[in-house]
Trainee: 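Would you mind keeping the following structure in view while I ask a few things?
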Amino acid sequence: MRIATFNINGIKARLPRLIEWLEETQPDVACLQEIKTSDETFPEKDIAAAGYGAIWHGQKGFNGVAILARGQMPVEIARGLEGEAEDEHSRYLEADVDGIRVASIYLPNGNPQPGPKFDYKLRWMHRLRLRAAQIWAEEVPAVLAGDYNVIPQDRDTFSVKAMETDALMQPESRAAYRRLLGDGWTDALASRHPQGGVWTYWDYQANSWPRDAGFRIDHLLLSPAAADRLKDAQVDKDHRGREKASDHAPAWVELG
DNA sequence: ATGTCCCGTCGTACGGGA
C-alpha cells in the first residue's frame with residue numbers, strides 16, 4: 001500500500017499535473033495540501049474520473065487540504081485541530097483508508113520570524129502534537145503526512161546559511177518537530193535516507209530547481225504499527241521538473 | 001535586494017502568501 005503526500009500549490013492551476021501524477025504513479029492514498037480552493041469549487045468530478053474518492057477541507061484562496069483514496073472513499077475522522085477556536089485556516093484533515101489512519105497536514109509556514117505568524121506556527125505544532133498523541137493512544141497504524149514547513153536537520157537543506165533566518169529552520173521549529181519524533185513517530189524519509197540530501201521542495205525563485213537548491217519539508221510520520229510495515233520511502237522528484245509544476249514534489253511511503 | 005508562482009479582485013495590475 002502506497003501513501004503519498006503532495007503540496008500541489010493550487011489544485012485548479014495544477015489539475016492536469018495532479019491527474020497525470022495519479023495515473024502514472026497510482027498511489028493508494030494521496031494527501032494533498034495547498035489546494036487553494038473553496039469547498040464548492042473542488043474538482044471532485046475530475047478526481048473521480050481518475051478513479052479516486054476524495055474528501056477535502058477547502059478555503060478560498062489559501063491553504064486547504066484533501067485526502068484521496070484509489071477506488072474508495074476515505075472515511076473522515078477529523079477536520080481541523082482542536083485547541084484554538086478562532087483558527088479558521090484549513091490545514092488538517094484525517095481519515096481512515098483500508099484500516100490505516102491517515103492525516104493530511106499543512107503546517108503554517110511561520111515567516112517572517114519572529115512575529116505573530118511564527119507564534120501561530122509554534123502553537124499549531126503544539127496542537128498537532130496533542131492530536132498525534134490521541135491517535136497514538138488508539139494504537140492504529142497511522143501515517144501523518146504533509147507539508148510540515150520544517151527542515152528537521154542541517155542535512156535536509158542545500159544551504160544552512162541561505163535558510164538560517166527562515167522560520168522553517170529555527171531551533172524552536174526543529175524542537176517542536178523533534179518532540180513528535182521523541183513521542184515515537186518515525187520520519188519515514190529520514191529512516192530510509194539517513195545520509196540526507198533528499199529534497200521535497202525547490203523554490204520557484206533564484207533558479208532553485210536547475211541548481212538543485214532544495215530542502216526537505218514534506219514528511220510522513222509513521223506510528224509503530226505503520227513503521228513495522230515500512231518497505232520504502234521516496235520522492236517523485238521528476239514531477240518537479242515538468243511544465244507548470246508545483247514547487248513541491250510528491251513524497252510517499254510503501255507499506256507492506 | 002532580487003527572483004517566481006498562485007489566488008482573488010470594486011479585475012485585465014496588484015497585493016498577499018509562500
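A, B, ... follow the sequence lines: proteins, then strands. Residue 1 opens every chain.
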Trainee: Nearest-Å distance, CD1 (A:I35) to C1' (B:dC6)?
Mentor: 14 Å
Trainee: Please determine whether a side-chain nitrogen of the Lys or Arg among A:R127 and A:D87 lies less than 4.0 Å from a carboxylate oxygen of the Asp or Glu.
Mentor: yes
Trainee: Could you work out the separation of B:dC5 and B:dG11 based on their P atoms and round it to a whole Å?
Mentor: 25 Å
Trainee: Regarding A:A206, tell me which of base, sugar-phosphate or nothing describes its non-hydrogen contacts under 4.0 Å with the strands shown.
Mentor: base
Trainee: In whole Å, what separates the C1' atom of B:dC7 from that of B:dT12?
Mentor: 15 Å
Trainee: Check this for me, if you would: do A:R174 and A:D156 make a salt bridge, where the nitrogen-to-carboxylate-oxygen distance has to be below 4.0 angstrom?
Mentor: no
Trainee: Are any protein N/O atoms closer than 3.5 Å to N/O atoms in nucleotides 15-18 of chain B? If there are, list each pair with its distance.
Mentor:
{"unit_1": "B:dG17", "atom_1": "OP2", "unit_2": "A:K117", "atom_2": "NZ", "d": "3.4"}

Trainee: Mind checking the P distance from B:dC10 to B:dG15? Whole angstroms is fine.
Mentor: 14 Å
Trainee: Before accepting this row, confirm whether a basic side-chain N of the pair A:R131/A:E82 lies closer than 4.0 Å to the acidic partner's carboxylate O.
Mentor: no
Trainee: Between A:R123 and A:E86, is there a salt bridge with N-O shorter than 4.0 Å?
Mentor: no
Trainee: Given atom CH2 of A:W202 and atom C1' of B:dC5, what is their separation to the nearest angstrom?
Mentor: 17 Å
Trainee: What interatomic distance, in whole Å, is found between P of B:dC14 and the corresponding atom of B:dT2?
Mentor: 16 Å
Trainee: Might you confirm whether atom CD of A:E243 has over 12 heavy atoms from other residues, nucleotides or ligands at distances under 6.0 Å?
Mentor: no
Trainee: Could you give the CZ-to-C1' distance, from A:R211 to B:dT4, as a whole number of Å?
Mentor: 13 Å
Trainee: Sticking with atom C1', work out how far B:dG3 lies from B:dA18, rounded to a whole angstrom.
Mentor: 13 Å
Trainee: Got a sec, which pairs hit side chain to side chain donor-acceptor pair (under 3.5 Å) with one end in residues 2-11 of chain A, sequence neighbours left out?
Mentor: A:R2-A:E254, A:T5-A:Q33, A:N7-A:E34, A:N7-A:D147, A:N7-A:H248, A:N9-A:K36, A:N9-A:Y204
